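Just so we're clear, the structure is a prediction, and the values are computed from it rather than from any experiment.
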Amino acid sequence: MWKLKEYIRPDSVTEAVAIKQHHGPRAAYLSGGSDLMVCRPEDIETVIDIRHIGLGYVRDEDDALVIGGAALLRDAEARARHVAGGMLTAAFRDTAPWLIRNVATVAGNIANASPAADSVPALIALDARIVVSGTSEQMPVHDVFAGPHQTNLGNALIEQIRVPSSSHSVRAKFFKLARSASDIALVNLAVSCDIQDGVFHRVRISLGAVAPIPVRAVLTESLLEGQAVSRDLLWEAGETVKKEITPISDWRASAQYRSRMSGVLLRRALESFTTPEERNLNA
């Protein structure tokens with residue numbers, strides 16, 4: 001933001017969006033600022049502070065856990081412990097060190113559109129949706145992303161993230177593979193499912209840091225859906241998920257390592273939901 005000229009603090013969502021529409025790509029919403037102030041996009045001339053327009057809430061409603069567009073990661077982490085056995089809380093906690101979680105927001109972690117964002121695979125695996133300004137329609141979190149640090153939001157503001165109550169009781173697991181807990185993920189993976197009478201149902205699998213945008217592994221989900229748990233099925237799922245990702249090699253890890261570990265982490269997640277007897281029953 002070397003060309004920064006204006007700091008504006010609106011009083012409402014409507015005013016914030018109107019300012020963004022007027023300035024277009026030269027303006028950016030500011031809440032925690034933990035990404036914006038570090039990356040400092042060169043074309044940004046105006047920042048719109050949304051911390052005081054009533055979006056800092058996290059609450060339970062009848063049909064969803066609702067996270068406001070300016071809600072802090074630390075607050076969402078504390079209020080999400082009942083969701084999917086704590087999986088969502090684990091993902092929020094792994095997103096950044098606690099000092100950053102004290103200022104960073106869940107919506108910002110989505111809107112920054114990092115391919116390695118830690119909260120995003122967990123939200124996708126729990127069928128979370130967002131509500132954007134100017135519409136009552138809800139968008140699946142996965143549909144936000146257009147590329148690395150690029151979204152389909154345009155001038156819209158994320159007003160809410162809604163995690164449906166139907167996902168709160170599923171079996172779920174989140175893994176972050178990184179050099180340290182506070183480092184950027186080499187691979188992250190979230191899985192949720194129901195298992196009834198030894199059969200997989202409602203399978204959701206999402207990965208980050210293995211493609212230009214977060215991946216929803218629909219082929220692997222289809223492979224598992226409606227199938228009885230077995231050792232061979234879990235092995236096949238670990239191999240299939242590798243076909244749905246396009247990792248790159250960089251100074252953190254090679255593409256081959258990311259691919260291999262994606263399969264390993266998926267099998268570990270699935271194994272954590274099942275007993276040895278279930279896995280060996282149809283092996």
Side-chain angles (χ1 to χ4, degrees), residues 32-39 72-74 76-78 80-81 83-126 128 141-142 144-145 147-150 161 172-192 204-217 220 237-238 241-242 244-273:
S34 56
D35 288 314
L36 186 65
M37 301 303 291
V38 172
C39 297
L72 301 180
L73 277 163
R74 68 171 184 188
E77 171 190 336
R81 292 192 179 100
V83 176
M87 183 271 268
L88 189 55
T89 284
F92 289 154
R93 185 181 297 125
D94 281 351
T95 296
W98 69 271
L99 283 172
I100 293 177
R101 299 199 307 276
N102 284 343
V103 295
T105 65
V106 180
N109 198 234
I110 297 171
N112 183 50
S114 166
D118 292 312
S119 71
V120 171
L123 291 166
I124 292 173
L126 295 175
V141 169
H142 184 265
V144 170
F145 306 100
H149 301 288
Q150 298 176 355
I161 303 105
K173 195 76 174 179
F174 175 78
F175 282 115
K176 175 180 179 177
L177 179 66
R179 295 178 304 170
S180 69
S182 61
D183 199 11
I184 296 173
L186 306 176
V187 178
N188 53 33
L189 174 142
V191 184
S192 72
R204 299 289 186 272
I205 302 168
S206 183
L207 302 94
V210 292
I213 63 173
V215 172
R216 168 90 181 268
T220 311
V241 78
K242 299 177 188 179
E244 301 196 69
I245 59 178
T246 54
I248 63 169
S249 295
D250 60 19
W251 63 273
R252 288 190 173 89
S254 67
Q256 292 83 356
Y257 180 75
R258 287 187 164 103
S259 178
R260 179 175 180 272
M261 292 309 298
S262 295
V264 169
L265 294 179
L266 176 58
R267 284 193 290 270
R268 288 179 183 173
L270 296 172
E271 287 175 356
S272 74
F273 304 147

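- Side-chain atoms of Ser206 never come within 3.5 Å of backbone atoms of Ala190 as a donor-acceptor pair (strictly under, hydrogens ignored).
- Looking at Thr89, its side chain does come within 3.5 Å of a backbone N or O of Arg81 through a donor-acceptor pair.
- Side-chain atoms of Asn188 come within 3.5 Å of backbone N or O of Ala116 as a donor-acceptor pair.
- How far CG of Asn112 is from NE2 of His149: 5.5 Å, rounded to the nearest 0.5 Å.
- Between Leu189 and Leu207, the shortest heavy-atom contact is CD1-CD2, 3.6 Å.
- Formation of a donor-acceptor pair under 3.5 Å by the Arg258 side chain with backbone atoms of Ala253 is found in this model.
- Salt-bridge annotation for Asp94 and Lys176: absent, with no side-chain N of the basic residue lying under 4.0 Å from a carboxylate O of the acidic one.
- Panel note: side chain Arg260, backbone Tyr257; no donor-acceptor pair is recorded below 3.5 Å.
- The structure places CD1 of Ile110 at 6.0 Å from CZ of Phe145, a figure rounded to the nearest 0.5 Å.
- Between the side chain of Ser249 and the backbone N or O of Ala255, at least one donor-acceptor pair lies under 3.5 Å.
- To the nearest 0.5 Å, atoms CG (Leu270) and CZ (Arg268) are separated by 12.5 Å.
- The CD1 atom of Ile100 sits 10.0 Å away from atom CG of Leu73, with the distance rounded to the nearest 0.5 Å.
- With hydrogens and angles disregarded, no donor-acceptor distance shorter than 3.5 Å links the side chain of Arg74 to the backbone of Trp98.
- Other residues, nucleotides and ligands contribute only 12 or fewer heavy atoms inside 6.0 Å of the CD1 atom of Ile184.
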Item to complete: Apply side chain to side chain contact (heavy atoms under 4.5 Å, CB included) to Asp183 and Arg252, showing your working.
Response: CA-CA 10 Å; Asp183 199 11; Arg252 288 190 173 89; 4.2 Å; yes
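- At least one donor-acceptor pair under 3.5 Å links the side chain of Arg101 to the backbone N or O of Ala96.
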